[in-house]
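Here the structure is laid out as structure tokens; the discussion comes afterwards.
Throughout, a chain's letter reflects where its sequence line sits, starting with A, and its residues are numbered from 1.
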Amino acid sequence: MSYLDELNDSQRQAVQHIHGPSMVIAGAGSGKTRVLTYRIAHLIKNGVDPFSILSLTFTNKAAKEMKERIATVVGYSEARNIWMGTFHSVFARILRFEADKLGYPKNFTIYDTQDSKSLLKSIIKEMGLDDKIYKPNVVFGRISSAKNNLISPREYLDNKDVKISDEASGKPKLGEVYFAYADRCFKAGAMDFDDLLYKTNVLFRDHPESLHAYQHKFKYLLVDEYQDTNYAQYLIVRKLAAVNENLCVVGDDAQSIYSFRGANIQNILNFKKDYPDYVLFKLEQNYRSTQTIVEAANSVISKNKDQIQKNVWTSNPEGEPIKLLRANTDNEEGRMVAQSIFESKMQEQLKESAFAILYRTNAQSRSMEEALRKMNIPYKIFGGLSFYQRKEIKDLLAYFRLICNPKDEEALKRVINYPARGIGQTTIDKIILTAREKQKAPWEVILEPAENALPINKGTAAKLSEFVTFIQRFHHSLAITSAYDLAFEVAQSAGILKELYTDKTPEGVARYENLQELLNGVKDFSEQRKDLGTDDRLDDFLMDVALLTDADQVGDEEDFVSLMTIHAAKGLEFPYVYIVGLEENLFPSQLSLSNRSDLEEERRLFYVALTRAEKQATISMANTRYRWGNLTYCEPSRFIDEIDKNYVKFPPNWDRQLSDVSDLGFGNTGAGAWKSFGGKESKEPNSYKTKEQASVPSRTPAGIPKNLKRIPSSADSSEYASADGVALGMDVEHARFGKGKVVKLEGASPDTKATIFFPGSGKKVLLLKFAKLKVLPDTA
DNA sequence: TGCCCGGGTGTTTTT
DNA sequence: CACCCGGGCA
């Protein structure tokens, strides 16, 4: 069995351990993917039916690549039958099979974030709430974390603690909004991203026969990036694995970077509690990077308290020291990086694809982009506004969605009057209102306007009926027409193509080309499906498209420098990596500075960034940077100081002091800042201690199936954390203003603002994270 | 009904 | 700075 020879001892042991629960802690670059693929190949070689293997990956692209690699060992006809994909896509597929059990149509729509927020916006408006207080973004985040923690709208409404904290944050109606949102999604036959996990849990809870079937179907489970699973995902895995317990999870606690979307590092730390007889494998040899990079990364991550002990090492050459670049402005930073890429490329005779530029926030891509463009260096930006989020694409997709699932409210709103067909806002409002009164989907209302007493005149009725007929015509050919033929005809006859074709502005031309590209995409899909002999339907295409990730963008053979956020770079590797914007308040992000666990996550993020590099890592910063319009002064990130100096090469201009940067209010820097920060943390109202204490009892110890009720913890929403320390009506003491009373709280933590009345100095609005408030015992 | 302008608001990170 | 929204006007 030759493939086993390609593994080192611990890798081989992990691959050969087939039965029972196991956990693989895989350091960065330690051949994790290799272990996963060979483990699956090994299973199949040992007679396991590919249909009974479920492998959950972090991106669909990773799944595709793994399948291809497995196919080289066991053949494509076997490999193609493995269930492999992201949590979201695998369970979307399962939910499609089981939709009727949950009262959903098989063709349910998947709402993306835009759809969800737009729906929330209209609900907030309809309920007569102020969208300055009930900000769709905030409300969405809140609902999302409720779902990730499996709290239903009902439970949310009934939970006293939630109510108290929502009232304290000035949003007592949040529960009702959540309730209405869930109801509207259901009536629209739509699930949002979180629903795909949430509803899977509901399915497994309410339909034991279904759970039973999948438990027995999937005899072997593999989960990649286990450190980034949230509670809903954790519970799905736990339930599916409950019968056979052939579960192998792979991850690295040092690379957990998704807690903001509910990922819980405790899942990896508590694996041994859930599966006491588990076997642990540690992959510690790094095959990716130079010794310098490995050691530098180790020196950084060692500053974190929460971690599993491991010793990542490499036998690779020592390599070049980490290079530092310091620019005066963000634009100059871009030029320096581009220049450096150009020089390395020339000196080492490299392709552009050897380089990646990684940043903390998407906004940083602009200065990099400009510099690269000026130097004629080809590049590609991953992330940001993705192709599928462009207006023209969403418009056409909305037609597809509506044809597949006419109840889709967001799709209907998008296209009912685009291109303009004389159905105005007033009519749309009436339709929505009537739908709400009749407890129906808007589509059902316009299907039978008279029966539903929709108050419209004859002309409007005629236009509506024309629209209905138009959609229905295509709906009926869904089952008999190939995806591409249908898509093209829709684009044509809806008039979208014509509308954009006549627009000769550069933007208009670009939009038209984008539509062509989308149609080409459908064509590829259709042809693939024909080759495979599987269903070639437009609704299948939609299901695929809804869950594509930026990382799934086809990596054609073109040569370009990759630009992306560090989050998006997870799992990737490049010979030369530039990590830019290493400045306090940017990286680490300003929002992470007030508690230890958030800061540790930023450090892990930096660790991930460093360990993407194979040959050399370069770190850059700018002394000044434009941030939302105005110039700000920047100080070097504390993370730079945390790298062992033996591995860093400082440029001559490094220590040059800027005379006028002395005080930014709270801008400390360097190791000193770290210490003083550490020393002060216990006085912080948002102290991490509060957060951790709150989260301990919240973890359902055994994750017992029936138990969907989870006490919301600080992890559910950042707002709890602030409510913990400071609440409405509380007596507090401020270092400068003295004693006062909290009269108003607004905004979500960590940006919670408190209005406090100080008898001595009047009303002050303070940001909780900066105001070191001391809570006084209730004097009443 | 549609376009233009001004003001307000907001930035981590993503399926 | 960039986007979105609402109001005012044609």
Side-chain angles (χ1 to χ4, degrees), chain A residues 56-63 85-92 110-118 121 125 131-132 135-138 140-141 144 147-148 191-198 225 228-230 232-233 256-263 330 358-367 382-386 388-389 391 417-428 545-552 564-571 581 583 585-593 598-599 601-602 604-606 608-609 625-632 718 747-748 750-751:
Chain A
L56 297 162
T57 58
F58 199 68
T59 62
N60 288 307
K61 190 184 175 196
T86 61
F87 270 92
H88 292 266
S89 59
V90 164
F91 294 107
I110 297 173
Y111 274 177
D112 67 14
T113 309
Q114 269 181 57
D115 296 319
S116 299
K117 285 181 184 167
S118 144
K121 222 181 212 171
K125 212 169 163 186
D131 66 359
K132 299 252 157 48
K135 291 182 183 152
N137 275 324
V138 175
F140 177 74
S144 174
K147 283 184 185 167
N148 286 153
M191 296 200 197
D192 65 19
F193 287 136
D194 300 312
D195 278 332
L196 296 175
L197 307 175
Y198 176 80
E225 309 283 8
D228 283 326
T229 51
N230 62 31
Q233 292 169 319
S256 163
I257 55 174
Y258 278 95
S259 74
F260 69 90
R261 71 173 195 216
D330 43 1
L358 309 181
Y359 33 78
R360 177 69 245 263
T361 65
N362 278 307
Q364 289 166 257
S365 68
R366 197 194 45 93
S367 56
F382 293 79
L385 235 215
S386 91
Y388 293 100
Q389 289 172 320
K391 183 189 175 302
N417 197 35
Y418 178 82
R421 51 173 71 84
I423 302 171
Q425 196 56 49
T426 323
T427 308
I428 297 172
V545 143
L547 297 169
L548 283 183
T549 318
D550 291 316
D552 298 325
M564 63 186 87
T565 63
I566 299 165
H567 282 90
K570 176 163 143 175
E583 297 144 28
N585 299 330
L586 179 61
F587 192 17
S589 152
Q590 190 168 157
L591 301 173
S592 74
L593 298 183
D598 284 356
L599 185 66
E601 178 146 321
E602 294 283 308
R604 291 193 294 270
L605 197 55
F606 184 51
V608 168
R625 177 180 298 278
Y626 276 94
R627 292 242 253 167
W628 42 95
N630 36 18
L631 193 68
T632 54
S718 44
D751 288 314

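Remark on DNA chain B: of its neighbouring residues Glu602(A) and Lys132(A), the 5'-side contact belongs to Lys132(A), judged by nearest-heavy-atom nucleotide. Along DNA chain B, the nucleotide nearest to Gly422(A) and the one nearest to Asp194(A) differ in position, and the one closer to the 5' end is contacted by Gly422(A).
Set against dT1(B), dT15(B), dG10(B), the side chain of Thr426(A) has dT1(B) as its closest nucleotide. Closest to the side chain of Trp628(A), from the set dT14(B), dC1(C), dT15(B), is dC1(C). For Ala420(A), taking side-chain heavy atoms from C-beta onward, the closest of the listed nucleotides dG2(B), dT15(B), dT12(B) is dG2(B).
For Glu225(A) and dT15(B), the CD to P distance is 13 Å, given to the nearest whole Å. Arg625(A) has its CZ atom 16 Å from the P atom of dC1(C), to the nearest Å. Between the OH atom of Tyr418(A) and the C1' atom of dG2(B) there is a distance of 14 Å, rounded to whole Å. Look at CG on Asn630(A): it is 13 Å from C1' on dT11(B), rounded to the nearest Å. Asn230(A) places its CG atom 14 Å from the P atom of dT15(B), with the value rounded to the nearest Å. What separates CD1 of Ile566(A) from P of dT13(B) is a distance of 11 Å, to the nearest Å. Note: NZ (Lys117(A)) to P (dT14(B)) measures 12 Å, nearest angstrom. The separation between Asp330(A) atom CG and dT11(B) atom P is 20 Å, rounded to whole Å.
Using a 4.0 Å cut-off, some side-chain N or O of Lys135(A) falls inside it from OP1 or OP2 of dG10(B). OP1 or OP2 of dC5(C) lies within a sub-4.0 Å distance of a side-chain N or O belonging to Lys121(A). Side-chain N/O atoms of Asn362(A) include one lying less than 4.0 angstrom from OP1 or OP2 on dT13(B). For dT14(B), the OP1/OP2 oxygens have a side-chain nitrogen or oxygen of Thr565(A) closer than 4.0 Å.
Heavy atoms of Tyr258(A) sit under 4.0 angstrom from primed sugar atoms or phosphate atoms, though from no base atom. Note on Thr113(A): a base of the nucleic acid sits closer than 4.0 angstrom, heavy atoms only.
Taking CG of Leu197(A) as the start and CG of Asn148(A) as the end, the distance is 7.0 Å to the nearest 0.5 Å. With rounding to the nearest 0.5 angstrom, the CZ atom of Phe58(A) is 9.5 Å from the OG1 atom of Thr86(A). Atom CG of Leu547(A) sits about 12.5 Å away from atom CZ of Phe91(A), to the nearest 0.5 Å.
Of all the heavy atoms in Gly85(A) and Asn60(A), the pair that sits closest is CA-OD1, 4.0 Å. Nearest heavy atom pair, residue Gly422(A) against residue Asn417(A), reads N-OD1, 3.2 Å. When all heavy atoms of Asp330(A) and Tyr626(A) are compared, the closest pair comes out as OD2-N, 3.3 Å.
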If you restrict it to nitrogen or oxygen atoms, what contacts under 3.5 Å exist between nucleotides 6-10 of chain C and the protein, and what is each distance?
none

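Between Lys147(A) and Asp195(A) a salt bridge is recorded (basic side-chain N to carboxylate O distance below 4.0 Å).
Per the stacking criterion (ring centres < 5.5 Å, plane angle < 30°), Phe260(A) stacks onto the base of dT13(B).
Remark: the Arg261(A) side chain and the dT15(B) base include no donor-acceptor N/O pair separated by less than 3.5 Å.
Between Tyr258(A) and His567(A), the ring planes lie perpendicular to each other; the angle is over 60°, past the 30° to 60° tilted range.
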